[in-house]
Amino acid sequence: MKIATWNVNSVRIRLDKIIDWLAVNPVDILCLQETKVIDANFPESAFTAIGYHAYYSGQKSYNGVAILSRVPLTEVSTGFIPLLGANKVEHFDEQKRLITGKIDDTQIICVYVPNGSEVGSDKYLYKLQWLKFLHEYLQISLKTNPRLCICGDFNIAPEDRDVYDSVKSEGAVGVSPVERQALQNIMQLGLADPFRRFTSEGEYFSWWDYRQGSFRQNRGWRIDHHYLSLPLYEQAISCTIDLAPRRLKQPSDHTPVILEISGN
DNA sequence: ATGGCAACACACTGTTGA
């Protein structure tokens, strides 16, 4: 089974590129982030026409997540409230950043973690609180779903080898020690990064700034991840970054990451 | 060097992204 994740930076602007990519890469699951469209306008028919079921949770202009799947998903839900309750979550589900569903006995969670703007800002505090909710959400999920894959744009480069210039970017949003610790806390629930099971070197990135020819010079960050519960992690066969879509004209600033696990 | 680039909206300028 192949599970890919791709922050497409507008599903409508990138629609042809996503369709073309799926023709070449017929993954079982594709998780999308930054769809930037309300549900009523999600281009569902374009995906059903090529054999994918689409599940989505979006809003106007910002954020938005979706899961495309070759087979129907079960137990689809969006946001934190279904597991954590409206009293606790309050306004944190207004931004559409989480969608989940099950394929066979495996839970897939697609997330778009907040950017955080800059360290110390209100948006940074929002990001940290959102990560606390995610921690609690996963803690509950793992109790009933030992086979769990969460993937998406985490907006965190876990280690110095995941950024092109770790000295220059030290302490910045996305690499700050507090954010990295929050991600560590989540992994300590019993999740592991399959990309690092197969690749230990640096210079592998999933996002490059549009400006200053960053992609040409491979000045990027690895911020799009899969995290697998241990039963799934043991079944991982490969985890690779596909640079091809980033080379096209009018690309997303992110490129897909593809996980393959044995079975099915 | 707070610029650079791209998408979006009560758009022709301001916000967000990381």
Side-chain angles (χ1 to χ4, degrees), chain A residues 5-18 31-43 56-66 91-92 94-98 110-131 134 151-183 202-225 241 243 245-257:
Chain A
T5 180
W6 189 6
N7 178 326
V8 289
N9 188 13
S10 172
V11 69
R12 289 179 292 179
I13 290 287
R14 226 65 65 195
L15 185 57
D16 290 349
K17 289 186 169 67
I18 300 168
C31 293
L32 303 175
Q33 301 88 35
E34 282 208 88
T35 53
K36 295 188 173 180
V37 65
I38 60 172
D39 292 347
N41 295 338
F42 188 91
Y56 39 86
S57 174
Q59 64 186 86
K60 190 163 65 175
S61 305
Y62 305 115
N63 313 316
V65 285
H91 63 286
F92 274 83
E94 286 168 13
Q95 299 184 14
K96 305 306 181 189
R97 298 179 175 278
L98 187 153
C110 169
V111 290
Y112 175 48
V113 176
N115 167 300
S117 190
E118 46 187 298
V119 172
S121 66
D122 286 350
K123 290 189 176 118
Y124 181 78
L125 297 177
Y126 183 93
K127 180 180 193 174
L128 296 179
Q129 181 59 58
W130 199 91
L131 288 166
L134 183 62
C151 61
D153 176 359
F154 282 75
N155 272 319
I156 298 173
E159 301 176 81
D160 285 351
R161 60 181 164 167
D162 298 312
V163 298
Y164 74 92
D165 186 341
S166 58
V167 175
K168 188 174 135 194
S169 55
E170 188 178 357
V173 72
V175 298
S176 72
V178 174
E179 290 168 77
R180 284 177 166 173
Q181 185 59 54
L183 188 53
E203 304 299 306
Y204 286 91
F205 308 125
S206 63
W207 169 87
W208 301 259
D209 197 302
Y210 281 121
R211 298 163 289 189
Q212 299 173 319
S214 298
F215 181 67
R216 254 192 359 264
Q217 302 168 81
N218 197 28
R219 295 171 170 248
W221 287 17
R222 193 176 73 90
I223 54 178
D224 299 272
H225 311 293
I241 297 168
L243 298 179
R246 191 64 177 80
R247 294 194 180 104
L248 302 173
K249 281 184 186 168
Q250 206 181 11
S252 167
D253 43 355
H254 298 249
T255 211
V257 186

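Owing to the predicted nature of the structure, the values given are computational and were not obtained by experimental measurement. Side-chain atoms are counted along with the backbone in the values below, which use heavy atoms only and exclude waters and symmetry mates. Here is the naming used below: chain letters follow the sequence lines, and residue numbers restart at 1 for every chain.
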### Message
Set out, in order, the CA-CA distance, both residues' side-chain angles and the distance that settles side-chain hydrogen bond (donor to acceptor under 3.5 Å, both in side chains) for A:Tyr164 and A:Ser214, then state yes or no.
### Response
CA-CA 10 Å; A:Tyr164 74 92; A:Ser214 298; over 6 Å; no
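- The residue A:Asp153 sits close only to the backbone: its heavy atoms come under 4.0 Å of sugar-phosphate atoms, none of a base.
- In terms of phosphate contacts, A:Ser10 brings a side-chain nitrogen or oxygen within less than 4.0 Å of OP1 or OP2 of B:dC8.
- Taking atom P in both B:dC10 and B:dT16, one finds a spacing of 14 Å when rounded to whole Å.
- Using a 4.0 Å heavy-atom distance criterion, A:Gln250 is classed as a sugar-phosphate-only contact.
- Spacing of C1' atoms, B:dT2 relative to B:dC12, comes out at 23 Å, to the nearest Å.
- Comparing A:Lys36 and A:Ile156, the nucleotide of DNA chain B nearest to each residue sits closer to the 5' end for A:Lys36.
- The P atoms of B:dA1 and B:dA11 are separated by 37 Å, rounded to the nearest whole Å.
- Counting heavy atoms from C-beta outward, A:Phe215 and A:Arg247 have side chains that approach closer than 4.5 Å.
- Residues A:Val163 and A:Lys168 form no side-chain contact, since every pair of their non-hydrogen atoms from C-beta on lies 4.5 Å or further apart.
- You'll find that the side chain of A:Lys60 is closest to B:dC10, out of B:dG17, B:dC10, B:dA7.
- With the nearest nucleotide of DNA chain B identified for both A:Ser61 and A:Gln95, A:Ser61 has the one nearer the 5' end.
- In A:Glu118, the CD atom is not crowded: 12 or fewer heavy atoms of neighbouring residues, nucleotides or ligands sit closer than 6.0 Å.
- The gap from the C1' atom of B:dA18 to that of B:dT13 amounts to 22 Å, rounded to the nearest Å.
- Atom CG in A:Asp253 sits roughly 17 Å away from atom P in B:dG4 (whole-Å rounding).
- The nucleotide whose nearest atom lies closest to any side-chain atom of A:Arg14 is, among B:dA9, B:dA7, B:dA18, B:dA7.
- Scanning residues 205-216 of chain A for heavy-atom distances under 4.0 Å to DNA chain B yields A:Trp207, A:Tyr210, A:Arg211, A:Gln212.
- Taking the six-membered ring for Trp and thresholds of 30 and 60 degrees, A:Phe42 and A:Tyr56 have nearly parallel ring planes, at less than 30 degrees apart.
- The listed nucleotides are B:dA9, B:dA7, B:dT15; the one nearest the side chain of A:Tyr62 is B:dT15.
- Contacts of A:Asn155 with the nucleic acid, taken as non-hydrogen atoms under 4.0 Å apart, involve only primed sugar atoms and P, OP1 or OP2.
- Taking 4.0 angstrom as the limit, A:His254 places none of its side-chain polar atoms (N or O) nearer than this to OP1 or OP2 of B:dG17.
- For CD of A:Gln181, the number of neighbouring non-hydrogen atoms (other residues, nucleotides, ligands) closer than 6.0 Å is greater than 12.
- Relative orientation of the A:Trp207 and A:Trp221 rings is perpendicular, given thresholds of 30° and 60° on the angle between their planes.
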